[in-house]
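Taking it in order: structure first as structure tokens, then the write-up.
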Amino acid sequence: MKENGLYPSAKIYTTLLGVFFKIDKVDKALGLVQEMKEKGCAPTVYTYTEMIRGLGSAGRVEEAYSIFMNMINEGCKPDVVLMNNVINILGRRGRLADAVKLFENMESFDCTPNVVTYNTIIKSMFESKSPVSEIVLLYEKMKNSGVNPSFFTYSILIDGFCKKNSLEKALLMLEKMDEKGVPPCPAAYCSLINSLCRAKRYDAAHELFQELKENCGSSSARVYAVKIKHLGKCGRLTKAVDLFDEMKRLGCPPDVYAYNALMSGMVRAGLTDEARSMLRSMEENGCAPDLNSYNIILNGLARAGGPHPAMEMFEKMKRDWKMKPDAVSYNTVLGCLSRAGMFEEAAKLMKEMRSSGLEYDRITYSSILEAVGKVDEDCKVASSSSS
């Protein structure tokens, strides 16, 4: 195109810019913008949107914000899509004050906040641990401005209120969804059922679970997983197995979370062999185990089988399954070795843990110290018995 004396339009430059950012060629994308300016092709608001979105995704937030400010100074008028992108980038980076300031100044740019703007700010406020009262005020402002909450608004609010232990507010939002005719959201139900179970309100959780099945004809695998997890935690393993079987019967294939939830319940009940059998079944059914799957079995072996089966599983994870152990894996085996008085092996494992780039945490140290304390106590008891 250039060889024939033809140069791309702003639209073509912008499209290429998006492609470069998608394939992580950030500097090449920025070079394209420089070329664009040198050829007298002025960047449009869509060009700036691609630049800001791309730099934000690459973690180069300061550059993205600087480009936004330069754009304003150059007299390019932002639209609501661009503003939403800048607010989202600032919010994700924990710069809530800057995001809110921009939100409040949108009118000065002749930009009216839309439902995406409000969703972005509300999500950022939850992530920044803002007071619930401030979030409720923003939600009320949204409605008073004539912006109707969307499916995503309610999901963000329900999940956020659940995480802040404002369970009644979360349940109220679910009622609002129903009143407004917004379709049931499995993710929102998942958050609520999880919170109700944590609060030991099992009957209410079961009612919601049944309500979701009635409204949607079925439930999602993730919601089943939450129910199975809490049934396992409170010792109702038979019910958990029944629910797992119900999933398969209703054509809802169990995902990794459902398998992990049931295996965790089995290990908690001392049924480690059954949990290992479930792991094999999981693989046979085409559901790939994740690191948590192996850590659950590792924990069962460490608790029931002693250090040798746990060490064997740990080595197999690395050798056969190409699974890199995390701090949970190391701490599980360290605790097991320490309880068995195998301090030399524990010291070697701690060294391996550090060389793998993992830091010792409170659990690492407490596992060792508790075991040392137990050995000292046993020595004192033995000494007093012999005297």
Exercise. Could you check whether the rings of W321 and Y294 sit parallel, tilted or perpendicular, using 30° and 60° as the cut-offs?
Key: parallel
Quiz item: At what distance, to the nearest 0.5 angstrom, does CE of M36 lie from CG of L17?
Solution: 8.0 Å
Quiz item: Quick one: does F161's side chain get under 4.5 Å of V132's, heavy atoms only?
Solution: yes
Quiz prompt | F21 six-ring face occupied by R53 cation (under 6.0 Å, within 45°) | solution = no
Exercise. Would you indicate whether the side-chain heavy atoms of D290 and M323 approach each other to under 4.5 Å?
Key: no
Quiz item: Between L291 and S329, is any pair of side-chain heavy atoms under 4.5 Å apart?
Solution: yes
Quiz item: For the atom pair OG1 (T120) and CE (M125), what is the distance rounded to the nearest 0.5 Å?
Solution: 13.0 Å
Exercise. Please step through side-chain contact (heavy atoms from CB on, under 4.5 Å) for the pair M282 and M278, ending with a clear verdict.
Key: CA-CA 6 Å; M282 180 182 183; M278 181 63 68; 5.6 Å; no
Quiz item: Between atom CG of L82 and atom CZ of F109, what is the distance when rounded to the nearest 0.5 Å?
Solution: 10.0 Å
Practice problem: Go through the steps to decide whether L172 and E168 satisfy the test side-chain contact (heavy atoms from CB on, under 4.5 Å), and finish with yes or no. | Solution: CA-CA 6 Å; L172 184 63; E168 298 311 317; over 6 Å; no
Practice problem: Mind jotting down which residue pairs meet the side-chain hydrogen bond (donor to acceptor under 3.5 Å, both in side chains) criterion with at least one end in residues 172-184? Sequence neighbours excluded, please. | Solution: none
Self-check item: Cation-pi check, K227 onto F209 ring (under 6.0 Å, within 45° of axis)
Solution: yes
Quiz item: Would you say the side-chain atoms of D320 pair up with the backbone N or O of K316, donor to acceptor, closer than 3.5 Å?
Solution: no
Quiz item: Salt bridge between E127 and K123, side-chain N to carboxylate O under 4.0 Å?
Solution: yes
Quiz item: In terms of side-chain heavy atoms, does N285 have a donor or acceptor partner in Y259 at a distance below 3.5 Å?
Solution: yes
Practice problem: State whether E140 and K143 are salt-bridged, where the test is any N-O pair (Lys NZ or Arg NE/NH1/NH2 against Asp/Glu carboxylate O) under 4.0 Å. | Solution: yes
Quiz item: Salt bridge or not for E315 and K318, using N-O below 4.0 Å?
Solution: yes
Practice problem: Would you mind reporting whether L157 and I135 have side-chain heavy atoms less than 4.5 Å apart? | Solution: yes
Practice problem: For the pair K200 (side chain) and C197 (backbone), establish whether a donor and an acceptor sit closer than 3.5 Å, ignoring hydrogens and angles. | Solution: no
Quiz item: Passes side-chain contact (heavy atoms from CB on, under 4.5 Å), N295 versus M317? Steps please.
Solution: CA-CA 9 Å; N295 280 344; M317 280 172 66; 4.0 Å; yes
Self-check item: Donor-acceptor contact below 3.5 Å, side chain S264 vs main chain N260
Solution: no
For residues 64-72, please give each side-chain donor-acceptor pair under 3.5 Å, one per line with the distance, not counting sequence neighbours.
residue	atom	partner	partner atom	Å
N70	ND2	S66	O	3.4

Quiz item: Any salt bridge between E283 and R280, counting N to O under 4.0 Å?
Solution: no
Practice problem: Give, for atom CG of L174 and atom SG of C185, the distance between the pair rounded to the nearest 0.5 Å. | Solution: 9.5 Å
Quiz item: With a cut-off of 6.0 Å (strictly less than), are more than 12 heavy atoms of other residues, nucleotides or ligands near OH of Y257?
Solution: no
Self-check item: R276 atom CZ: more than 12 heavy-atom contacts under 6.0 Å
Solution: no
Self-check item: Ion pair check, R201 and E207, cut-off under 4.0 Å
Solution: no
Quiz item: Should we say atom CG of D203 is surrounded by more than 12 heavy atoms from elsewhere, each under 6.0 Å from it?
Solution: no
Quiz item: Within a reach of under 6.0 Å around NZ of K164, are more than 12 heavy atoms found that belong to other residues, nucleotides or ligands?
Solution: yes
Quiz prompt | Donor-acceptor under 3.5 Å (T47 side chain, T44 main chain) | solution = yes
Quiz prompt | Residues, nucleotides or ligands: over 12 heavy atoms within 6.0 Å of F152 CZ | solution = no
Quiz item: Between T49 and T14, does a side-chain contact (heavy atoms from CB on, under 4.5 Å) hold up when you go through it step by step?
Solution: CA-CA 9 Å; T49 300; T14 302; over 6 Å; no
Quiz item: Out of curiosity, T153 OG1 to N148 CG, how far, rounded to the nearest 0.5 Å?
Solution: 9.5 Å
Using a 3.5 Å cut-off and no angle test, enumerate the donor-acceptor pairs between side-chain atoms of residues 230-254 and protein atoms at least two apart in sequence or in another chain.
residue	atom	partner	partner atom	Å
H230	NE2	N194	OD1	2.6
E246	OE2	K213	NZ	2.7
E246	OE2	Y224	OH	2.7

